[in-house]
Every structure is written in C-alpha cells, then in structure tokens.
Amino acid sequence: MRQRMEVFDGEKVIEEFEELTRDAGRVQVETLKKILEENGWAEYLQNLGLNGRTDPESFKECVPLATHDDFEAYIQRIADGDSSPILTGKPIESMSLSSGTTKGRPKFIPFNDSLVETTMQTFLTSFAFRNRQVPIGNGKALQFIYSSKQFKTKGGLTAGTATTNVFRSPKFKSTMKSIRSQCSSPDEVIFGSDVHQSLYCHLLCGLLYRDEVELVYSSFAHSIILAFRTFEQVWEELCTNIRDGVLSSWVTDPSIRAAMSKLLKPDPELADLIYKKCAGLSNWSGLIPELFPNAKYIYGIMTGSMEPYLMKLRHYAGHLPLMSADYGSSEGWIGPNVNPLLPPELTTFAVLPNVGYFEFIPLKANAQDQEQEGAQENKPVGLTEVKIGEEYEIVVTNVAGLYRYRLGDVVKVMGFHNATPELKFVCRSNILPSINIDKITEKDLQLAVEAARNVLAAEKLELVEFTSHVDMSSEPGHYVIFWEISGEAKEEVLIECCNRLDRAFQDAGYVSSRKVKAIGALELRVVRKGTFRKIMEHSLSLGSAMSQYKTPRAVGSTNNAILHILRSNVVNSYFSTAF
C-alpha cells in the first residue's frame, strides 16, 4: 500500500518548537525519564547502581561523565554480536562511524531509529524557520550529498557513516519530499561507488535542472567549495556532455551511467548558454546564481572549523545568502538554527530539549584560572541553568545508549529562545597537545591563520587549506602549520606569514613559553597543490563519507599516514623570528 505523504505545515512545526522550549526544564526531566525507562536495565546503567531510578539527581550521582574510551569495550561487544541489553534495552542493529577527525580513525557509535527521529525533527524545525524567512516552491535542491558503503560488523550489524545511515532511511526520503527539498540527482548518484563520479554527476544534474534549482546544499561548506572548485576544472567537459547528450566515458559506475542516460538528451542550446555564462564570469565570482538563476540560498554547516571557507563560499555565492545548518554530531543532534538570516559567523542554535538530556560543564575563564584552581573541574549544570556570555563544554545523554557523554565541543551561550539556550559553537576543546603550559584550541589556530592569511590576500593569493602538528622530535617542541596556497608566493611574503602566525597566538601560556624559549619557533611548511585532496582521499579510503569529511585541523603524532602525506609534499619551510 502506498504511504500517504504528509503535507508539511511549517507554522505547526514552529508552534510545537515554541511549546517545547517554553518549558524546557520540564521537557528535559521528561526526556531523561523516558531514556532511562527504556534503557535503565541495560548492563552499563545496572553496573553503576542506578536500579531503575529515572530522576536527574540519582542519574548524576550514579553515572559518571564519560568519553568514547569509556564506552568502547561495550560498543565493541555489541558490534561483535552480543545482543543482550548492554547499553540499551532494545538491541542496537546499526553502527555509525564518526568522521575520525579527532583521533585520525573513525570510531563506532550506536545508531537506532530513535536517532533518525531526532534527526528528522531537527531538519523539519530548521526548515520551518528557514522557509518562513525565504520560502521555496516545488523546485529542486542541488545537494552535494554522498553515501559511503555500508558494511557488516563481525556480529552482523550494519555499519556506515551517520550520514549514510540517515540517507538510507526511508524516513529521510519522505521527510525531504514533504519539505520540498528533493535532490536534483537520482539516488544512483548519491549512492555511487566513486565519490568523484558522483560529484561530477551532481554538477551535471544541477545544470540539467538549472531553472528548477532553488537551493544549493551540502553537509559542510567545505564540500560546496570542493564542488565548485571541481566545476572550474570540468565546466567545458560538462557542456560537451550536455551538448551531445552523452556522459563522459570515465564515469564507469554502471548504475550511475544507467540513471544518467535517462536524464541526458542532446541539448546544444543549454550547453551554449552555460558556456556563455561561464566565459563571461570574472574569476568565477557569483558563479552559483549565474548557473542557477532561481536559487534562493546556500545551506550547509558553516560554523566552527568551516568558517575559514566562508570567504571563498561568498565569492561563489554572489548575492545569495549563506544559511548555516543545524548543530549535531555522529552522537546525535543538539539544536536547529532558528535565526537563519544571521550570517554564519553569528549563527546560534536553539537546543531542542526533547532530543536528548543535556548538561554543560562551565569552563574556566583562562588557562591561569585552571592552573590556580588545580585540575578540579566545575560541576555540570542543567540546560536551563546556563548563563549568557559563559562558555561550556557540552555533555549529552542520547537516545541510543550514550550516557553523560562528553562531546568535546566548546559552546558559548548567546541568549535564550524562550527557556532553552541559544548556543554559538566556539571550537573543539584543546585539539593541539600542549608542549609546555600552552593551551591552543581550534579557535586560536583559526584566528592565527586568519591573521596571516591577510598577508597572502594582499598579494592576490588564496589559502586553499591548512592543518597543524606539534613536533616534539627536538627540544624544545614547536608548532608546525602546513599551508596549501593557490599560487607562488615570494619568500619574504611567506616569512611575514610565518611571523604573523606566531604573533597571532594570544594564549598566555604560549606567549610566555615562547619568550623563555620553552616552546621553539613556529614553523610554516608550504605543501604542493593537491596535498589536502590526497589527505581527503586517504580518509575516504578508510570508510569516511564525503558528506562527513572535515579536514583535520590538528594531526597527532600517531597519525602516521597523514603525516607522511604532509611531510612528503613540503616544498618550502620557514621558521618564525617573531620572538
């Protein structure tokens, strides 16, 4: 029997969100109670002596704060086929693979239908607010989405990236249909065996439906940039495919070829139009609205580690607004962006109080406070107890067997939407290992790179990608920043960039350590063009999905494969003389 498609009612979704957030404290207590009623007799909670209690006080008293390391042995048993109630009451039947950017290798995270439900709730809520501001019709979405292969674990569970698990859910397709966000590409392109062939065909499908495309989307800003950088290289080939009605022979995936053959018909008029549009652009500025005249906005995660891509994205976007997507992770969702017209740099996320149970560890104002007060951490506070202007590390109890789980994200409370906080993502917590008393975060690195990038910009050069590494092979240890740039820079420019990077780190522990030479001179290593593409392809070969891929901003000393790619592609190296 054909399932009846629900008609999307944005105002009803918004009203439900308003109701949930008006009484966020009560909803949180109920959410925790529901999670613990369903899973309270699982081995993990039983071992901690919870004994069926479902109130927040007992929960916090019995259950410690935890990281993935604390859950790893339990998760491995589930993956190996133990179907007893280990972390959840009902057996876990799927596993998600994290993006693997933190430790250089993907990790298993339990996945279930309840996580799909919270994902769809988040998508629907953010779409309702987005559509209220910038309504779209019944057109198509040019979505650069990719599904990696699913595989079976030793115990027979289906495993794949979180995005793959969501994209393969029937609920995802029906939800996308109800919110008029149907992909311009057929499923065969999304689920194709080769990401480069899929990307090429996403571009081709977008061009075939160019007048119907109303928004451009990918999970991360990085993927949108990659797509249009690729377009710059292949646009003439795409025009030839459209003119002849024949797909390039290098696209060999049989299912993609079959699906594309149904769409491609010789269309010299469209090919000439696209050719003329591209030939008339200056340095590809405003490319997206030129190609897709009815596009209303560009959508994807643009906060945190995606902020360095915004300048290039605005270059392609022209007058189109950039709307940042919602806040979540492989472990679950936190909240939608309910103020979609704010620029990505100012985006906040209103926590959905019924998708998990949330706690927040108050962070010390600075490193010195941490040293003076010892290693004693502040006690976590509840969702409605956070204070505006303060920074916290977020802790989540989700619907799929993770309890008091430290996400490792630092957020700042910017305000409240009714009784639920609006969070700004600040950074991952302490991603670079300390050399001395320094504490360099992803945000510190980003700001330093931004300061130095201005030197490049003055020379009409572009920073394509960057990452960092702490080199302890000699005494004292020092920070290494790897840069890939768009052209040839003069030596004096790169020396100035190196000094600017070193001076831009504001962390008091770093500055004082540099002054007394407890940390060595910062090193800038420039790598060959295409180096970061090799890093991406290496990560994809390990099972990451393009939809989930993020360039690692810090490469640990144990991540030998990526370090080898970086080191073997260095063309120039400079040491700072700033201190």
task = Check whether the side chains of Arg243 and Tyr275 place a donor and an acceptor atom closer than 3.5 Å, and report yes or no.
result = no
Can a side-chain donor-acceptor contact be found between Gln133 and Tyr297 if the only test is distance below 3.5 angstrom?
no
Any side-chain donor-acceptor pair under 3.5 Å between Tyr479 and Asp502? no
The single option from Phe123, Tyr327, Phe349 that satisfies ring-ring contact (aromatic ring centres under 6.0 Å, His included) with Trp333 is Phe123
Report task. Would you please test Phe292 and Tyr209 for ring pair (Phe, Tyr, Trp, His ring centres under 6.0 Å) and show each step? Result -> CA-CA 9 Å; Phe292 310 106; Tyr209 293 111; over 10 Å; no
Exam field: side chain Thr467 to backbone Pro552, donor-acceptor pair closer than 3.5 Å: yes
Open item on the list: Less than 3.5 Å apart, any donor N or O on the side chain of Asn337 or Tyr299 sitting next to an acceptor on the other?
Closed with: no
- Task: Examine distances only and state if a side-chain atom of Ser568 and a backbone atom of Ile565 form a donor-acceptor pair shorter than 3.5 Å.
- Result: yes
- Between the side chains of Thr122 and Asp326, is a donor N or O closer than 3.5 angstrom to an acceptor N or O? no
- Item | Cationic N near anionic O, under 4.0 Å, Arg229 to Glu462 | yes
Under 3.5 Å, is there a donor on one side chain and an acceptor on the other for Tyr574 and Asn499? no
So does Pro308 get a backbone contact from the side chain of Arg453, meaning a donor-acceptor N/O pair under 3.5 Å? yes
Quiz prompt | Phe482 vs Phe532, ring pair (Phe, Tyr, Trp, His ring centres under 6.0 Å): CA-CA, chis, key distance, verdict | solution = CA-CA 10 Å; Phe482 293 92; Phe532 281 85; 7.9 Å; no
Please determine, by modelled atom types, if Asn283 and Ser285 share a side-chain donor-acceptor pair under 3.5 angstrom. no
message: Pairing donors with acceptors under 3.5 angstrom, does anything connect the side chains of Tyr146 and Asp194?
response: no
*Judged by atom type as modelled, is there a donor-acceptor pair below 3.5 Å linking the side chain of Ser198 to the main-chain atoms of Val189?*
yes
Are the side chain of Asp244 and the backbone of Val246 linked by a donor-acceptor contact shorter than 3.5 Å? no
| message | The test is side-chain contact (heavy atoms from CB on, under 4.5 Å); show your working for Val449 and Leu501 and say whether it passes. | response | CA-CA 6 Å; Val449 167; Leu501 278 166; 4.0 Å; yes
Original post:
Does a donor on one side chain and an acceptor on the other come within less than 3.5 Å for Gln446 and Ser305?
Top reply: no
Nearest heavy-atom contact between Ile136 and Lys296 is CG2-CG, 4.1 Å
Between Glu523 and His478: side-chain donor-acceptor atoms closer than 3.5 Å: yes
_Between Glu488 and Lys460 (salt bridge meaning N to carboxylate O under 4.0 Å), is one present in this structure?_
no
Open item on the list: Please tell me whether Glu212 and Ser184 have a donor and an acceptor in their side chains that are separated by less than 3.5 angstrom.
Closed with: no
Taking Glu459 for the side chain and Ala489 for the main chain, is one N or O donor matched with an acceptor at less than 3.5 Å? no
Is there a donor-acceptor pair closer than 3.5 Å between any side-chain N or O of Asn294 and the backbone N or O of Asp211?
yes
Do side-chain atoms of Gln197 reach the backbone of Thr252 as a donor and acceptor pair under 3.5 angstrom?
yes
**Study point:** Backbone N/O of Gln121 and side chain of Thr125: donor-acceptor pair under 3.5 Å
**Key:** yes
- Item | Salt-bridge criterion met for Arg553 and Glu465 (N-O under 4.0 Å) | yes
**Item:** side-chain contact (heavy atoms from CB on, under 4.5 Å) between Thr230 and Trp235, worked out
**Value:** CA-CA 8 Å; Thr230 303; Trp235 68 279; over 6 Å; no
Self-check item: Lys/Arg-Asp/Glu bridge criterion (N-O < 4.0 Å) met for Lys277, Glu290
Solution: yes
Side chain His68, main chain Phe108, donor-acceptor under 3.5 Å | yes
